[in-house]
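Just dropping this structure here.
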Amino acid sequence: MKFTSLSKGRGFHFPPCHMLNFCGIRILLDCPLDLSALLAFSPIPTLDCLSIVESYNTEADDFDSRAAFGKRQKIEKLLHAKNLLFAEPWYKTVNNLQLWNSSFIDVVLISSPMGIMGLPFLTRIKGFSAKIYVTEASARLGQLMMEDLISMHGEFRHFYGPEESNFPSWLRQEELEILPSELREIILGKDGLELGGWMPLYSAADVKDCMLKTHTLNYAEEACYNGTLVIKAFSSGVEIGSCNWILNSPKGDIAYVSGSSFISAHAMAFDYRSLQGACALIYSDFSLGDTQDSADGDNYSVSAAKLQSMSSQDLAGFNHNSDENSEEKEKLDFICSNTINCIKEGGSVLIPIDRLGTILLLLEEMTASLEASDLKVPVYIISSMAEELLALLNIIPEWLCKQRQEKLFAGEQLFSHVKLLKEKKIHVVPAIHSHELLINWQEPCIVFCPHWSMRMGPVVHLLRRWCGSPKSLLILEDVLNLELALLPFQPVTMKVLQCLFPAGIGLRTVQPLLKLLRPKTVLCPEELRLQINLSSENSFSVLYYTEAETLKVSYPKHNSEIKIATDLASQFYWKTFKKEEINITKLKGELRMENARHHLLLETDNKNSSSNSRSLDHFGLPDSEKLMAALSKMGISGNIQHGMSDTKSQTVSIIHIEEPYKASIEIGTTGTIITTAEENVASSIYKIIDNILNAV
């Protein structure tokens with residue numbers, strides 16, 4: 001097995017991406033987009049900002065006339081909104097993936113809706129023919145997210161018009177050199193080698209073509225590739241449809257652990273039991289990208305303790321323990337409390353959070369808090385995919401957690417938004433300029449809308465409306481560079497609340513989880529070595545991987561399996577060799593590979609053959625001393641000449657027979673040769689050798 005990490009990822013929105021070579025099959029694990037790189041671009045400018053755009057274009061046209069000193073001066077300037085890229089955005093794919101020939105990829109496994117966002121870039125390449133496997137729910141959610149991205153990007157295309165060339169000016173080396181360091185690092189990466197990952201956005205036709213090439217699976221459903229590899233997906237608990245993978249083959253099995261979570265109030269629980277006992281386990285939980293152990297360690301310390309003390313059976317109810325959800329509940333309560341205070345002061349609340357589970361929980365908690373506080377303010381959901389997405393949630397109970405499924409059996413709605421829509425407590429509209437929103441709009445209000453990058457979508461327009469209001473509130477997930485994210489909207493006087501929701505297993509839970517899963521070999525990211533001490537006391541060996549380096553992994557599989565029909569197996573003639581402790585039979589037939597298993601099919605004329613009609617096959621080398629003793633008993637005398645000490649010699653020993661006839665027996669490393677002038681003599685010697693050799 002060969003494993004290459006193409007990207008370690010960066011949290012929920014940009015999961016890791018890897019390449020695996022298993023049984024000669026090249027497997028791509030996820031194909032995400034780094035949408036955080038959109039921070040380098042400016043949102044669509046307002047009329048007041050048009051002069052900045054014109055100035056930017058003029059500078060680009062006259063660049064060749066600038067002096068080198070002028071370039072250095074610009075680099076040293078403080079980061080300002082006018083330094084952002086005023087152009088139609090391109091999108092940053094996994095740069096290391098561009099180094100691989102896409103036509104050589106055999107299989108693509110998608111672990112989550114975020115892991116499919118970059119796939120249309122791959123499927124539109126000529127020569128790409130890989131089989132793509134994804135859960136049915138992830139495929140549907142991922143398609144909606146890609147279509148929504150295209151819809152939001154359409155505003156840029158409408159504003160800037162068609163591109164004049166296939167290579168935008170901001171990608172030129174001379175332009176990159178004068179960018180502020182923060183923007184230059186986003187575009188080129190820390191090592192300055194990521195320029196090749198940028199691409200113009202795919203089209204709606206590309207997305208449609210991509211989805212036609214996918215093969216959707218349910219949890220635990222088997223898919224067989226090329227008769228050699230059996231692929232199964234199991235719930236990871238992070239998002240609806242997200243999964244981990246098990247790959248079975250005659251050479252062994254591999255478990256792939258992507259972003260996973262024991263705590264889920266909407267998605268099906270983390271199915272860790274199905275990952276137990278694998279020959280190799282690739283650990284790629286995206287929470288490891290956050291080196292702030294204290295940030296998530298406290299969230300999961302109880303989980304780790306329970307994992308260490310509980311048996312597998314006790315862990316069955318782990319996901320449904322209300323104590324384990326208290327951390328997330330406290331954060332939701334804190335957000336709702338701040339929202340209520342903001343509304344009471346007359347301000348509005350803007351929530352550009354894209355994680356589906358978080359949105360659903362916030363909707364339920366916020367509407368309940370508003371009702372408890374006797375506040376009647378509208379709640380708007382503005383998104384091109386919102387209506388279809390909310391409708392989809394009502395027809396996929398098999399992908400939801402046990403608590404939600406129990407609601408269905410009790411005759412209740414799976415989520416509260418159904419009731420809220422009927423009571424018109426929430427309003428779902430496709431765009432900020434839609435007629436329904438314009439006639440129903442009132443402030444203060446609460447708005448859920450994309451995009452979390454704050455560079456596109458309804459959030460841009462609303463943030464410009466409220467950024468100068470100290471009474472209003474902006475609620476964000478953890479943003480890597482908040483100053484850069486808010487740069488186009490400065491000065492910002494509205495309140496900003498950042499909240500990091502748990503996404504991933506958590507560092508303190510990794511070691512007890514791996515002990516529970518009991519793999520023979522574990523592949524972990526190098527960052528884990530510094531954060532967790534995977535002691536040598538574990539029953540498994542640990543290998544660490546880094547980006548862009550190939551790791552060769554060998555692991556012994558002690559047993560191989562073959563499927564034989566019962567009626568055929570009962571007709572085998574077995575010979576037992578006690579010394580070697582093995583049973584052997586000889587047969588003639590066909591060995592086939594199907595569903596990652598060897599199948600034995602005997603030829604028809606061999607099914608009823610008896611052992612007496614078979615010619616014997618001998619194996620091993622005759623012991624020269626035993627052979628000499630057997631010859632002596634038959635009245636045959638001779639002497640033994642041992643082989644030469646030269647390691648290149650193929651002869652082990654030679655027995656020269658003197659009486660009662662002349663003959664020689666040459667024992668070699670690959671066979672035994674009898675040399676004599678009489679055929680009867682050769683036959684007699686052969687029978688003696690036959691008696692001392694193992695034959696079947």
Side-chain angles (χ1 to χ4, degrees), residues 43 46 48 152 330-355 358-384 386-387 390 415-477 479 482 485-486 488-499 501:
T46 60
D48 297 336
M152 291 185 289
E330 286 178 9
K331 291 183 179 181
L332 292 173
D333 290 341
F334 181 72
I335 291 174
C336 292
S337 174
N338 280 270
T339 298
I340 296 300
N341 293 336
C342 176
I343 295 294
K344 287 180 178 179
E345 293 176 6
S348 293
V349 181
L350 181 58
I351 310 174
I353 293 177
D354 284 15
R355 287 175 58 177
T358 305
I359 292 173
L360 294 171
L361 295 176
L362 275 175
L363 268 177
E364 292 181 341
E365 294 293 331
M366 275 192 182
T367 50
S369 296
L370 289 172
E371 189 173 337
S373 303
D374 199 25
L375 292 173
K376 299 187 183 299
V377 294
V379 177
Y380 301 105
I381 303 176
I382 308 174
S383 170
S384 63
E387 185 175 356
L390 293 177
F415 295 96
S416 65
H417 66 261
V418 178
K419 178 184 176 184
L420 297 172
L421 281 169
K422 288 180 180 178
E423 296 174 350
K424 298 196 175 186
K425 291 183 179 179
I426 62 174
H427 307 271
V428 179
V429 293
I432 199 164
H433 50 73
S434 62
H435 178 70
E436 182 184 349
L437 181 63
L438 295 176
I439 61 174
N440 291 316
W441 181 262
Q442 66 179 72
E443 297 182 28
C445 61
I446 300 170
V447 180
F448 291 85
C449 65
H451 184 262
W452 57 268
S453 68
M454 291 181 285
R455 291 298 184 264
M456 58 170 59
V459 66
V460 173
H461 306 281
L462 295 172
L463 194 50
R464 282 182 173 140
R465 181 180 180 88
W466 294 328
C467 65
S469 169
K471 295 180 179 179
S472 295
L473 174 65
L474 173 65
I475 300 175
L476 301 171
E477 289 188 84
V479 179
L482 182 61
L486 295 176
F489 311 100
Q490 295 293 353
V492 176
T493 59
M494 71 186 302
K495 294 184 284 289
V496 179
L497 174 63
Q498 280 187 275
C499 193
F501 288 93

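The first residue in the sequence is number 1, and the count goes up from there.
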Heavy-atom check, side chain of Leu476 versus side chain of Pro352, under 4.5 Å: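 Heavy-atom side-chain distance check passes, below 4.5 Å.
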
* Check: Leu362 and Thr339 side chains under 4.5 Å, non-hydrogen atoms ->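 Result no, sub-4.5 Å side-chain heavy-atom pair not found.
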
A side-chain contact here means heavy atoms from C-beta on lying under 4.5 Å apart; do Phe489 and Met494 qualify?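 Phe489 does not reach Met494 side chain to side chain.
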
| Would you say the side chain of Ile446 lies within less than 4.5 Å of the side chain of Met366, judging by non-hydrogen atoms? |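 SC-SC contact between Met366 and Ile446 confirmed.
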
Practice problem: Please confirm whether the backbone N or O of Val460 pairs with a side-chain atom of Arg455, one donor and one acceptor, at under 3.5 Å? | Solution: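 Checked: no pair found.
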
*Taking C-beta and beyond as the side chain, do Leu497 and Phe334 meet within less than 4.5 Å on heavy atoms?*
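Contact flag for Leu497/Phe334 side chains = yes.
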
Discussion item. Please determine whether a side-chain nitrogen of the Lys or Arg among Glu443 and Lys471 lies less than 4.0 Å from a carboxylate oxygen of the Asp or Glu.
Written reply: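 No, no charged N to carboxylate O under 4.0 Å.
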
>> Assess the residue pair Leu463 and Leu486 against the criterion (side-chain contact (heavy atoms from CB on, under 4.5 Å)); give the C-alpha distance rounded to whole Å, side-chain angles, the decisive distance to 0.1 Å, and a yes or no.
In response: CA-CA 9 Å; Leu463 194 50; Leu486 295 176; 4.3 Å; yes

Point to revise | Non-hydrogen side-chain atoms of Ile382 and Leu462 separated by less than 4.5 Å | key: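 In contact.
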
Residues 368-377 side chain polar contacts: donor-acceptor under 3.5 Å, at least two apart:
from	atom 1	to	atom 2	distance (Å)
Ser369	OG	Glu365	O	2.9
Glu371	OE1	Lys425	NZ	3.4
Ser373	OG	Ser369	O	3.0

>> Just so I know, are the side chains of Asn338 and Lys495 near enough to count as touching, which here means a heavy-atom distance under 4.5 Å?
In response: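 Sidechains of Lys495 and Asn338: no contact.
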
task: For Tyr380, check ring pair (Phe, Tyr, Trp, His ring centres under 6.0 Å) against everything at least two apart and list the hits.
output: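 For Tyr380 the ring pair (Phe, Tyr, Trp, His ring centres under 6.0 Å) partners, ignoring immediate neighbours, are His427, Trp441.
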
Show me the donor-acceptor pairs within less than 3.5 Å that the side chains of residues 341-350 make with the rest of the protein, sequence neighbours left out.
from	atom 1	to	atom 2	distance (Å)
Asn341	ND2	Ser337	O	3.3
Ser348	OG	Cys445	N	3.1

Between Ser434 and Val429, which heavy-atom pair has the shortest distance, and what is it?
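Minimum heavy-atom contact is OG-CB, 3.5 Å.
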
Checklist entry - How far apart are the closest heavy atoms of Gln498 and Leu482, and which atoms are they? => result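 Between these two residues, the closest heavy atoms are OE1-CD2, 3.4 Å.
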
Any side-chain heavy-atom pair of Pro450 and Pro458 under 4.5 Å
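Sidechains of Pro458 and Pro450: in contact.
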
Nearest 0.5 Å please: distance from the CG atom of Leu420 over to the CG atom of Leu390.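 Going from CG on Leu420 over to CG on Leu390, the span is 10.5 Å.
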
Query - From Ile381, Val428, Leu421, residue fulfilling side-chain contact (heavy atoms from CB on, under 4.5 Å) relative to Glu387 - result: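 By the side-chain contact (heavy atoms from CB on, under 4.5 Å) criterion, Glu387 pairs with just one of Ile381, Val428, Leu421: Val428.
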
Donor-acceptor contact below 3.5 Å, side chain Thr493 vs main chain Gly468 =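 It does hold such a pair.
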
Distance check, rounded to the nearest 0.5 Å: Ile335 atom CD1 versus Ile340 atom CD1?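 One gets 12.5 Å once the value is rounded to the nearest 0.5 Å.
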
Rounded at 0.5 Å granularity, tell me how far CZ in Phe448 sits from CD1 in Ile353.
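One finds 7.5 Å between CZ of Phe448 and CD1 of Ile353.
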
Output the distance between atom CZ (Arg355) and atom CG (Leu361), rounded to the nearest 0.5 Å.
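Answer for the CZ-CG pair, Arg355 versus Leu361, is 10.0 Å.
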
